[in-house]
Asker: 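Below you'll find the structure I mean.
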Amino acid sequence: MSAKIIDGKDIARRVRDEWRIRADKLKAAGVTPGLAVIMLGDNAASQVYVRNKVKACHDIGIFSDAHLLPATASQADVLKLIDRLNADPRIHGLLVQLPLPPQLDVHTVIERIALEKDVDGFSLYNVGGLVSGGTVFPPCTPYGVVCMLEYSNIPITGQNVVVVGASNIVGKPMALMLMQKEATVAICHVKTRDLAQFTILADILVVAAGKPGLITAPMVKTGAVVIDVGINRLPDGTLVGDVDFDAVKEKASYITPVPGGVGPMTVTMLLCNTIQSAERSAAKLGIKT
Ligand code: GUN
């Protein structure tokens, strides 16, 4: 039996259609949601991500403000710009694209972003919220994965989930979000011995390791839901995930493709967080939407 393909593009379109209505209501009340993005240097992947974020804002009809700084920018310059955008009432979401050049301290930079504008959800306060169940902004990629599972009517409560990859951006918040939804969660990472003995137990397997071909069919339980967060460019230019898609789809019940799976969801959830931030800001000002 071949797995059902979870179509990230289609779900992203449906989520955006719902949130466009909320953005339109805000605009009708005189509040245009706005997202500011700061990028340093010319990292090729970051350039693509930032371009996609700006385009997504345009497509859903919200304001975007991209600041492209040289890789040599000082920490003081970056903090000054963050302070200015924190104080700018047109901006409801503010993010600094990672990775940063080595002269910048990532924690200092992230902690400078106003909590109510941290739409990436990377600040310590937001991470603490994930741990205690009171998240302000869920981080976009794991938020997108949860959204895909929910739109596909895949139950999470009580399921055995294995997350492969323990990054701050995906693996750790993913595990916390699924634990909050009462899944039983194990996190595996580069130092895990015999990865297959964990993955084979997973009802839901989320892979975010950045290694093409890491997950092969014998590592997957028959009927598992397989979510591939990996995005890897092969030497021939092809984009692939971390999962051997063709073989694993014959064993799984649901699987996400790469491209067209989790990728389109990440930017979509960033738009959701930005619009939600604008709604909170409007409510604080007593503006009814
Ligand atoms: N670099 C890779 N993914 C992300 C992301 O989601 N947000 C930011 N700010 N940087 C990234």
Side-chain angles (χ1 to χ4, degrees), residues 8 12 15 34-57 64-69 71 73 75 78-79 81-82 85-86 91-102 104-115 117-127 130 135-148 163 165-177 206-211 227-233 239 241-242 258-259 261-274 276-277:
V15 174
L35 173 70
V37 181
I38 300 174
M39 189 183 91
L40 289 100
D42 55 5
N43 178 298
S46 294
Q47 284 176 332
V48 174
Y49 291 139
V50 168
R51 210 180 307 132
N52 287 345
K53 289 171 187 179
V54 169
K55 182 177 178 305
C57 287
S64 69
D65 185 23
H67 295 260
L68 311 179
L69 305 186
Q75 179 140 308
V78 176
L79 296 182
L81 177 56
I82 292 175
L85 295 167
N86 279 343
I91 300 302
H92 304 95
L94 166 56
L95 68 88
V96 181
Q97 190 66 29
L98 304 179
L100 295 178
L104 300 184
D105 177 61
V106 65
H107 296 292
T108 307
V109 168
I110 287 173
E111 293 311 314
R112 192 71 161 229
I113 296 170
L115 289 177
K117 298 192 180 188
D118 173 33
V119 284
D120 255 340
F122 289 171
S123 72
L124 292 177
Y125 184 87
N126 256 314
V127 175
L130 273 186
T135 320
V136 184
F137 294 110
C140 301
T141 301
Y143 187 17
V145 171
V146 169
C147 186
M148 289 177 104
V163 179
S167 70
N168 288 339
I169 293 183
V170 184
K172 287 183 205 168
M174 182 82 261
L176 288 164
M177 287 169 82
V206 182
V207 191
K211 265 195 178 177
I227 308 289
D228 191 351
V229 187
I231 302 181
N232 310 288
R233 177 118 12 224
L239 216 53
D242 294 348
V258 177
V262 177
M265 295 301 295
T266 298
V267 181
T268 300
M269 304 333 278
L270 179 65
L271 298 174
C272 301
N273 278 349
T274 304
Q276 180 152 55
S277 177

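Order of appearance sets the numbers: ligands from 1, and atoms from 1 within every ligand. The figures that follow rest on heavy atoms only: side chains count, while hydrogens, waters and symmetry mates do not. The shown structure was predicted, so the numbers you read here are calculated from the model rather than taken from an experiment. Residues: numbered from 1 along the sequence shown.
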Asker: Pick out which of Ile110, Leu69, Asp120, Leu40 makes a side chain to side chain contact (heavy atoms under 4.5 Å, CB included) with Val96.
Answerer: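 Running side chain to side chain contact (heavy atoms under 4.5 Å, CB included) over Ile110, Leu69, Asp120, Leu40 with Val96 returns exactly one hit, Leu40.
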Asker: With Asp242, which of Val229, Val258, Val207 fulfils side chain to side chain contact (heavy atoms under 4.5 Å, CB included)?
Answerer: Val207
Asker: Extract all N/O-N/O pairs under 3.5 Å that connect ligand 1 to the protein, and present each with both atom names and the distance rounded to 0.1 Å.
Answerer:
unit_1   : atom_1 : unit_2 : atom_2 : d
ligand 1 : 1 (N)  : Gln97  : NE2    : 3.3
ligand 1 : 1 (N)  : Leu98  : O      : 2.9
ligand 1 : 7 (N)  : Asp120 : OD1    : 3.4
ligand 1 : 7 (N)  : Asp120 : OD2    : 3.1
ligand 1 : 9 (N)  : Val96  : O      : 2.8
ligand 1 : 9 (N)  : Asp120 : OD2    : 2.6
ligand 1 : 10 (N) : Gln97  : NE2    : 3.4
ligand 1 : 10 (N) : Leu98  : N      : 3.0

Asker: Donor-acceptor check, side chain of Ser277 to backbone of Asn273, threshold 3.5 angstrom: yes or no?
Answerer: no
Asker: Looking at Ile113, is its backbone amide N or carbonyl O close enough to the side chain of Asp118 to form a donor-acceptor pair, meaning the two atoms are under 3.5 Å apart?
Answerer: no
Asker: So, the side chain of Lys53 versus the backbone of Leu35: is there a donor-acceptor pair under 3.5 Å, distance only?
Answerer: no
Asker: Applying side chain to side chain contact (heavy atoms under 4.5 Å, CB included), can you list everything that pairs with Ile169, at least two apart in sequence or on another chain?
Answerer: Leu98, Phe122, Ser167
